[in-house]
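Scroll down for the structure; my scribbles are underneath it.
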Amino acid sequence: MEIYLDTAKVEEIREMAWIVDGVTTNPTLAAQAGRPFREVLQEICHIVRGPVSAEVVAQDEEGMVKEAQELAKIADNIVIKIPVTVEGLKAVRRLKALGIKTNVTLVFSAPQALLAAKCGADYVSPFVGRIDDHGGDGMAVVAEILRIFENYKFPTKVIVASVRHPGHVVAAATLGAPIATVPYPVLQRLFQHPLTDQGIARFLSDWEKVPR
Ligand code: E4P
């Protein structure tokens with residue numbers, strides 16, 4: 001499974017570049033980066049050679065296509081994030097024909113993902129955490145999407161997004177989702193287990209008792 005970092009903070013990306021396969025950003029994360037976003041994207045694309053998602057803010061097809069074309073000029077690993085609206089999916093079709101990769105975002109249901117795949121999206125991002133927040137079952141939605149894509153052999157890849165904790169990553173991997181995008185604190189927690197720390201402390205203290 002590929003792991004992407006869900007952040008626009010260059011220092012987090014620089015630190016974790018050795019293990020991550022790509023990066024996803026969104027306008028909220030761009031605001032948190034606190035710098036001109038084009039400049040930030042250029043740096044990110046230089047650090048990470050895998051896909052780097054950057055989101056359009058236009059809401060109409062024409063505006064989205066125009067914005068996407070500008071963003072795509074930044075680097076050849078830019079993927080354009082487009083919201084799953086009627087206008088958005090029309091833009092996805094156009095961008096497909098132009099050879100620009102898309103990640104259809106704000107996906108909360110299997111039918112939305114199906115339509116995105118039919119329109120030629122390269123990626124779809126179901127937001128599991130936000131679904132769970134509203135009393136739904138984010139992973140059940142991911143399972144449906146994976147099944148549908150498999151049934152029809154859609155090449156569209158699922159990026160499990162809005163990941164809140166390591167359990168989401170394990171569930172995504174168990175379902176066979178190809179990608180999960182995780183915030184920096186969750187990525188840190190994937191490495192950790194208290195028994196590992198205790199085990200190291202015990203081995204080190206016992207090592208002191210070994211005759212030299
Ligand atoms: C995905 O690409 C989004 O950037 C992200 O996962 C949204 O997560 P949130 O619900 O924590 O904002």
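If you're wondering where the values come from, they're calculated on a predicted model, not measured in any experiment. Reckoned from all heavy atoms, side chains included, excluding hydrogens, waters and symmetry mates. Start at 1 and go down the list; that is how both ligands and their atoms are numbered.
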Practice problem: Let me see the working for E39 and R35 under salt bridge (Lys or Arg N to Asp or Glu O under 4.0 Å), right down to the final yes or no. | Solution: CA-CA 8 Å; E39 192 181 295; R35 289 172 45 208; 3.2 Å; yes
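In terms of the side chain to side chain contact (heavy atoms under 4.5 Å, CB included) criterion, H46 has no residue partners (sequence neighbours excluded). Applying the side chain to side chain donor-acceptor pair (under 3.5 Å) criterion to D133, with sequence neighbours excluded, gives R164. Checked against side chain to side chain contact (heavy atoms under 4.5 Å, CB included), P111 has the following partners two or more places apart in sequence or in another chain: S109.
A distance limit of 4.0 angstrom between heavy atoms and ligand 1 selects the residues D6, T24, N26, K81, F127, R130, A161, S162, R164.
Under the 30°/60° scheme for interplanar angles, the aromatic rings of F191 and W18 are found to be tilted.
Checked by atom type, the side-chain pair T24/T181 shows a donor-acceptor distance below 3.5 Å.
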